[in-house]
Amino acid sequence: MNKLESIGSFFRQGIFSYKALFGWLDPKVYILTKIVSPIFQLIFFCSLARFAYGKADVTQWVIGNSILMCYLNTVFGLGGIMAEERNFGTLKLIIATPYNKFVSFIGRSLMHITDGISTVLICIAAGIIVFGADFSKVNVALFAADILIAVFAASGLGMLIGCCGLVIRDMNLLMNTAATTLLALCGTNFPVERLPLFLQKISYCLPLTRSIQAAWMIAEGNRFGAVSQLMLQEALLGILYMLAGYCTLAIMEYLSRKKATLDIF
Amino acid sequence: MMGWMKVIISSCILQMKQSFSRAMFRYCVLIDPILFALITYVMYKDSGIGNFALYVVLGTGLSSLYNTICFSSAGDIERERFMGTLEVLMALPSRFRTILAGKVLGNTLLGLTSMTIAYIFVRVVFKAQMDIANPVLFMISFILSILSFLAMSLIMAVLFTLSRNARGLMNCMSYPVMILCGLFFPIEILPSWTRPFSYILSPTWAARLLHASMSGIDSYGRFALDMVLLIAVSVIYLGIFVILYDKIEKKIRVGATLGVC
């Protein structure tokens with residue numbers, strides 16, 4: 001296989017995997033899960049913030065909740081890949097293939113990163129329409145870069161979770177716990193400083209915390225200099241999660257082969 | 001009479017055993033209320049709203065109860081379909097709707113745990129003061145609310161029998177109810193055109209009754225009216241369930257679509 005074919009194969013399998021495993025085969029499920037549900041979640045938290053703080057402008061909550069919504073792809077999409085492959089009976093084929101599993105995994109994340117960004121944008125649009133969120137001071141390029149970094153970092157977490165699917169049967173539990181933890185601890189709906197100190201430390205170990213803070217600052221009109229540190233730290237955190245995913249995948253693959261638990265439901 | 005009671009009790013016990021053996025169900029009942037109570041409590045903490053702990057406890061408790069019932073009702077049908085037992089249940093001499101009622105009852109009883117957990121968490125961790133102003137009326141409201149949730153979940157369960165997209169549907173049914181029923185904030189802050197949707201959902205009336213009986217009743221006339229409306233909506237739900245059930249049972253038998261995944 002020449003280099004061009006390899007690159008083609010890398011992207012092709014990402015697209016096939018996404019179509020097969022993420023409900024795209026049924027547009028109704030996709031619309032309900034990826035458009036309707038996130039918009040209602042956004043409306044709920046923005047309405048709650050409006051009532052609790054008595055503020056008319058809920059831009060901050062629109063931004064926080066919109067960025068958070070990328071977890072639908074990064075946590076549930078990427079996190080569920082291995083478990084879904086097992087459900088379809090194709091996991092053993094993937095493990096048996098000589099192709100690098102981690103590269104295969106990264107290939108699969110590309111579509112989820114793209115789709116995750118689209119969900120964030122849909123939610124922002126909904127926030128502008130429903131709550132009149134104010135994005136007039138936003139530097140669009142910087143904001144877009146922040147969203148990209150946020151989705152990338154969250155993908156790292158998703159890949160780490162997904163690797164556990166090789167040995168864990170009930171991935172729904174792990175994915176839902178991760179999603180609600182992100183909702184609770186990333187400062188989506190309140191500043192992280194309001195949490196107890198030990199929870200604040202956990203918050204800063206999670207993806208999205210810094211991206212959301214940076215996005216708030218960008219919405220207030222801050223330029224690259226003010227948010228660069230937060231964005232770089234977030235990107236670094238994403239790389240760390242990816243590396244952790246790589247090591248976990250190797251360990252989990254070894255364990256699943258050794259214990260012969262690969263196809264056990 | 002005793003026959004269907006036996007079926008409901010057996011189905012309820014089996015359902016509770018099966019549900020609690022699933023890690024995801026334990027998460028919904030035990031972990032989710034704690035995390036949600038944490039989020040809403042921290043959001044409300046500096047709000048200046050006096051009785052905000054009530055919103056946190058009642059909101060978290062009622063939404064967890066609703067989610068447990070709704071997710072389980074949808075998930076159970078899908079699981080039975082996936083395991084190939086849905087057709088068997090439908091073909092049994094005992095009526096499927098009786099079995100379904102037992103399942104929903106089992107989920108509801110387990111779902112009550114989440115309300116208790118939310119209450120204990122807010123009381124113990126945040127040391128929030130919450131006294132029940134009218135304990136008797138609170139208990140009556142609470143029992144009526146549970147019966148109403150049962151009726152609502154019966155409708156959902158039977159609708160999910162028809163749908164092959166139960167999982168997708170159940171994922172997007174949680175937040176609309178939390179918004180429209182005023183579980184975490186009064187429905188008066190929503191646009192007025194949403195009001196009719198709120199009024200046809202029984203958790204709206206359940207939340208009002210429980211909130212009033214805990215914080216203190218300003219107008220007993222209004223409280224009685226809310227109670228009558230809760231009962232009326234629940235009775236309508238039961239009527240809809242009976243009609244829907246007969247139609248859907250016929251439809252899936254004629255179309256032979258029951259076990260189609």
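Lettering follows sequence order; numbering is per chain, from 1.
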**Report entry** pair B:Y66-B:L183: side-chain heavy atoms closer than 4.5 Å
**Finding:** no

Query raised in the report: So which pairs with a foot in residues 22-42 of chain B pass ring pair (Phe, Tyr, Trp, His ring centres under 6.0 Å), sequence neighbours left out?
Result: B:F36-B:F184, B:Y41-B:F52, B:Y41-B:F126

Requested in this report: Identify which of A:I43, A:N189, A:N176 forms the greatest number of heavy-atom pairs closer than 4.5 Å to chain B.
Outcome: A:N176

Query raised in the report: Given the options A:T180, A:L195, A:L48, A:V36, which has more heavy-atom pairs under 4.5 Å with chain B than any of the others?
Result: A:L48

Query - B:F149 side chain near B:Y237 side chain, heavy-atom distance below 4.5 Å - result: no

Query raised in the report: If we only count heavy atoms from C-beta on, is the B:K103 to B:L89 side-chain gap below 4.5 Å?
Result: yes

Query raised in the report: Is there a donor in the side chain of B:N67 and an acceptor in the side chain of B:S64, or the other way round, less than 3.5 Å apart?
Result: no

Query - Backbone of B:L210 reached by a side-chain donor or acceptor of B:S213 within 3.5 Å - result: yes

Query raised in the report: For A:L183, is it the side chain, the backbone, both or neither that has a heavy atom under 4.5 Å from a heavy atom of chain B?
Result: both

Report summary line: With sequence neighbours left out, the residues meeting salt bridge (Lys or Arg N to Asp or Glu O under 4.0 Å) with B:R123 are none

**Report entry** Region of A:T177 that comes under 4.5 Å of a non-hydrogen atom in chain B
**Finding:** both

Query raised in the report: Are the side chain of B:S19 and the backbone N or O of B:M16 linked by a donor-acceptor pair below 3.5 Å?
Result: no

Query - Atom pair CD1/CD1 of A:I122 and A:I35 - distance to nearest 0.5 Å - result: 4.5 Å

Query raised in the report: Which of residues 195-209 of chain B have a heavy atom under 4.5 Å from any heavy atom of chain A?
Result: none

Query - Under 4.5 Å from a heavy atom of chain B, the part of A:F190 involved - result: side chain

**Report entry** N/O donor-acceptor pair under 3.5 Å between A:T119 side chain and A:C70 backbone
**Finding:** no

Requested in this report: Walk me through it: do A:I113 and A:N73 pass the test side chain to side chain contact (heavy atoms under 4.5 Å, CB included)?
Outcome: CA-CA 7 Å; A:I113 289 177; A:N73 280 92; over 6 Å; no

Query raised in the report: Can you pull out the residues in residues 50-60 of chain A with any heavy atom less than 4.5 Å from chain B?
Result: A:F51, A:A52, A:Y53

Query - Check: B:S114 side chain, B:P33 main-chain N or O, donor-acceptor pair, under 3.5 Å - result: no

